[in-house]
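For reference, the structure discussed in these notes is given below.
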Amino acid sequence: MSSIPINETTSLQPERCVIILDDGLPAGKAVNAAAVIALTVGQRHPALVGQPLIDGDRCEYPGLIPIGIPVLAASADQLKILLESCRAQDVDKVIFPVEGQETTRYDDFTAMVLGQKTEQLQLLGMAIIGGKKNVRKLTAQFKLFG
C-alpha cells in the first residue's frame, strides 16, 4: 500500500487502521487531529466504510468503519521514529503536522510543511493503514490515548 499515489484512493481492503496521537495534546486538539486524520483515511480508503446503517424506522445513515480505529498515544519523539519506521513497511500513512493547528488557511499550512524536510516535521498525530501484522508490528508499544 505504500505505493498508493497521494491523490488517489484505493479499493484494497486494509485489515487494520490505527491513529496515533501526541500524548501531550489537550482533549480538544486531540479530537481535532483525530477527526482530520480520519477524514483523510476515509477518502484514501473508501473500502473502510461499512454498509449503511438502517434503524427500526427504516431511516438510513452512512456506514461506519467495521474494523474499528484504535486511538493510541505516543510522545512527539516516538511519532518521528514511527514515521521513519513506516517507510520500511507495506503500509499507508496519513500525517498531521503541528502546523495544521497553527493556521486556518490550507494554503498557508501546505506552504509551512513544504518548507520542512521529513525529519523536521513535528507530528501531532498520524494514521497507519494496512495489513494486521505490519500495523501491529509498528504500534505494539503504544497504549490507548487518554
Side-chain angles (χ1 to χ4, degrees), residues 1-76 78-114 118 121-146:
M1 275 190 235
S2 57
S3 63
I4 299 169
I6 296 300
N7 292 321
E8 291 187 19
T9 62
T10 175
S11 61
L12 297 175
Q13 182 63 49
E15 299 172 319
R16 189 119 172 106
C17 175
V18 176
I19 293 177
I20 308 94
L21 299 175
D22 184 321
D23 58 9
L25 286 174
K29 291 197 179 262
V31 170
N32 171 265
V36 170
I37 291 167
L39 187 65
T40 302
V41 168
Q43 179 271 325
R44 286 184 61 71
H45 298 276
L48 285 175
V49 179
Q51 296 298 314
L53 302 174
I54 302 172
D55 68 19
D57 292 322
R58 298 292 182 219
C59 293
E60 190 171 311
Y61 307 91
L64 302 174
I65 183 171
I67 62 172
I69 305 176
V71 180
L72 307 177
S75 70
Q78 288 173 316
L79 283 166
K80 281 186 174 207
I81 294 167
L82 181 58
L83 178 59
E84 182 61 34
S85 298
C86 285
R87 288 183 172 179
Q89 298 294 321
D90 185 25
V91 296
D92 191 23
K93 59 196 169 303
V94 174
I95 66 165
F96 189 66
V98 68
E99 292 81 8
Q101 292 183 343
E102 292 179 349
T103 181
T104 58
R105 295 194 44 188
Y106 195 72
D107 289 345
D108 292 344
F109 169 51
T110 59
M112 287 188 269
V113 173
L114 182 61
T118 303
L121 292 173
Q122 293 181 295
L123 300 181
L124 295 180
M126 65 184 295
I128 302 172
I129 310 98
K132 285 181 185 179
K133 184 178 178 182
N134 288 345
V135 174
R136 284 191 175 130
K137 179 180 177 181
L138 289 163
T139 61
Q141 65 182 319
F142 305 116
K143 303 292 182 205
L144 289 175
F145 188 88

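If you're wondering where the values come from, they're calculated on a predicted model, not measured in any experiment. Below, all heavy atoms of this structure are taken into account, side chains as well, without hydrogens, waters or symmetry copies.
- Among residue pairs with one or both ends in residues 130-143, none qualify as side chain to side chain donor-acceptor pair (under 3.5 Å); sequence neighbours excluded.
- Here the closest non-hydrogen pair linking Gly50 and Pro66 is N-CD, 3.7 Å.
- Across all their heavy atoms, Ala34 and Ile19 have their closest contact at O-CD1, 3.9 Å.
- Atom CG of residue Leu64 and atom CG of residue Leu48 lie 12.0 Å apart, to the nearest 0.5 angstrom.
- In this structure, the separation between CG on Leu138 and CE on Met126 is 8.0 Å, given to the nearest 0.5 Å.
- Taking both residues in full, the closest heavy atoms of Ala74 and Phe142 are given as CB-CE2, 3.5 Å, listed atom of the first, atom of the second, then distance.
- When every heavy atom of Gly130 is checked against every heavy atom of Val135, the shortest pair comes out as N-CG2, 3.5 Å.
- Once rounded to the nearest 0.5 Å, the distance linking CG of Leu82 with CD of Gln89 reads 10.5 Å.
- Taking CZ of Phe145 as the start and CG of Asp22 as the end, the distance is 7.5 Å to the nearest 0.5 Å.
- Remark: Thr104 pairs with no residue by the side chain to side chain donor-acceptor pair (under 3.5 Å) rule, at least two apart or across chains.
- The distance from atom CG of Leu21 to atom CG of Leu72, rounded to the nearest 0.5 Å, is 8.5 Å.
- Among residue pairs with one or both ends in residues 51-69, those qualifying as side chain to side chain donor-acceptor pair (under 3.5 Å) are Asp55-Tyr61; sequence neighbours excluded.
- Closest approach of Val91 to Cys86, counting heavy atoms only: CG2-O, 3.9 Å.
- Looking only at side-chain heavy atoms (C-beta outward), Val49 and Pro62 stay at 4.5 Å or farther from each other.
- Here Glu15 contributes atom CD and Ile67 contributes atom CD1; the two are 8.5 Å apart, rounded to the nearest 0.5 Å.
- With sequence neighbours left out, Ser75 forms a side chain to side chain donor-acceptor pair (under 3.5 Å) with Gln78.
- Counting heavy atoms of neighbouring residues, nucleotides and ligands inside a 6.0 Å radius, atom NZ of Lys80 exceeds 12 of them.
- For Val94, the side-chain contact (heavy atoms from CB on, under 4.5 Å) test picks out Ile37, Thr40, Val41, Arg44, Ala127, Ile129, with sequence neighbours left out.
- Under the side chain to side chain donor-acceptor pair (under 3.5 Å) criterion, Asn32 pairs with Gln101, not counting sequence neighbours.
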